[in-house]
Amino acid sequence: MSEASLWTALADPHRRAIVALLLERPRPVGEIVEACGLSQPSTSKHLKVLRDAGLVRVRQDAQRRVYALDPSPIAELDAWLDPYRRLWNSSLDALGRRLDETSDDTDETPSKD
């Protein structure tokens, strides 16, 4: 799985909706079709992209194909995003401190009655 294919797979809102469905539990194709409101061929194309990106795996259950989320690529993505999350958190913490300081300054200002 390449990082580019992961981003491409997750760029589409229908595929993100499928990933969200599979986060709850594995589902057969028919259930995914119904939940997403897409045609069966369109859903199958989206599932192929997700499968090629390594985000989902499929197993045969009698006549049904059941799809499940593979958490490994999501974990890799989360690890890649971690430094950016820390950057945003520290920036937001600094903003919060600044807003607290500003709030404290206005609380100490005497009223003009």
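The shown structure was predicted, so the numbers you read here are calculated from the model rather than taken from an experiment.
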Is there a donor-acceptor pair under 3.5 Å between the side chain of S44 and the backbone N or O of Q40?
yes
Using the rule given for salt bridge (Lys or Arg N to Asp or Glu O under 4.0 Å), can you reason through R86 versus D82, listing the C-alpha separation, both sets of side-chain angles and the distance that settles it, and then say yes or no? CA-CA 6 Å; R86 281 186 276 149; D82 187 55; 3.1 Å; yes
Can you find a heavy atom in the side chain of I18 that is under 4.5 Å from one in the side chain of Y67?
no
Separation between OG1 (T43) and NZ (K48), nearest 0.5 Å, reads 15.5 Å
Under 3.5 Å, is there a donor-acceptor pair between the side chain of S42 and the main chain of S39?
-> no
What one should report as the nearest heavy-atom pair of P73 and G54 is CG-O, 3.1 Å
Where the side chain of R51 meets the backbone of V58, is there a donor-acceptor pair that is under 3.5 Å apart?
-> no
| message | side-chain contact (heavy atoms from CB on, under 4.5 Å), that's the test. Do R65 and Q60 meet it? Break it down for me. | response | CA-CA 5 Å; R65 295 178 65 119; Q60 197 72 33; 3.4 Å; yes
Can you classify the ring geometry of H14 versus H46 as parallel (below 30°), tilted (30 to 60°) or perpendicular (above 60°)?
tilted
Interatomic distance, CG@L38 vs CG@L47, rounded to 0.5 Å, equals 9.5 Å
(Q) Is there a path of hydrophobic side-chain contacts, each under 4.5 Å between heavy atoms, that joins W80 and L87? (A) no
dist S72:OG -> L77:CG (nearest 0.5 Å) comes out at 12.5 Å
### Message
Check whether R27 reaches the backbone of L21 with its side chain - one donor and one acceptor, N or O, closer than 3.5 Å.
### Response
yes
Distance col, row R15:CZ vs C36:SG, nearest 0.5 angstrom, shows 12.0 Å
Would you check, one step at a time, whether the test side-chain contact (heavy atoms from CB on, under 4.5 Å) holds for V56 with D70?
-> CA-CA 5 Å; V56 299; D70 185 341; 6.0 Å; no
* Asked: If only atom types and distance count, is the side chain of R64 paired as donor or acceptor with the main-chain N or O of P28 below 3.5 Å?
  -> no
Output for pair (L95 CG, D100 CG), nearest 0.5 Å, gives 9.5 Å
Taking V49 as the starting point, is it possible to reach V66 by hopping between hydrophobic residues whose side chains are less than 4.5 Å apart? no
S5 and A53 have their tightest heavy-atom pair at O-CB, 3.7 Å
Q. With a 4.5 Å heavy-atom cut-off, do L55 and L10 have their side chains touching?
A. yes
field: Residue pair I32 / L22, side-chain heavy-atom distance below 4.5 Å
entry: yes
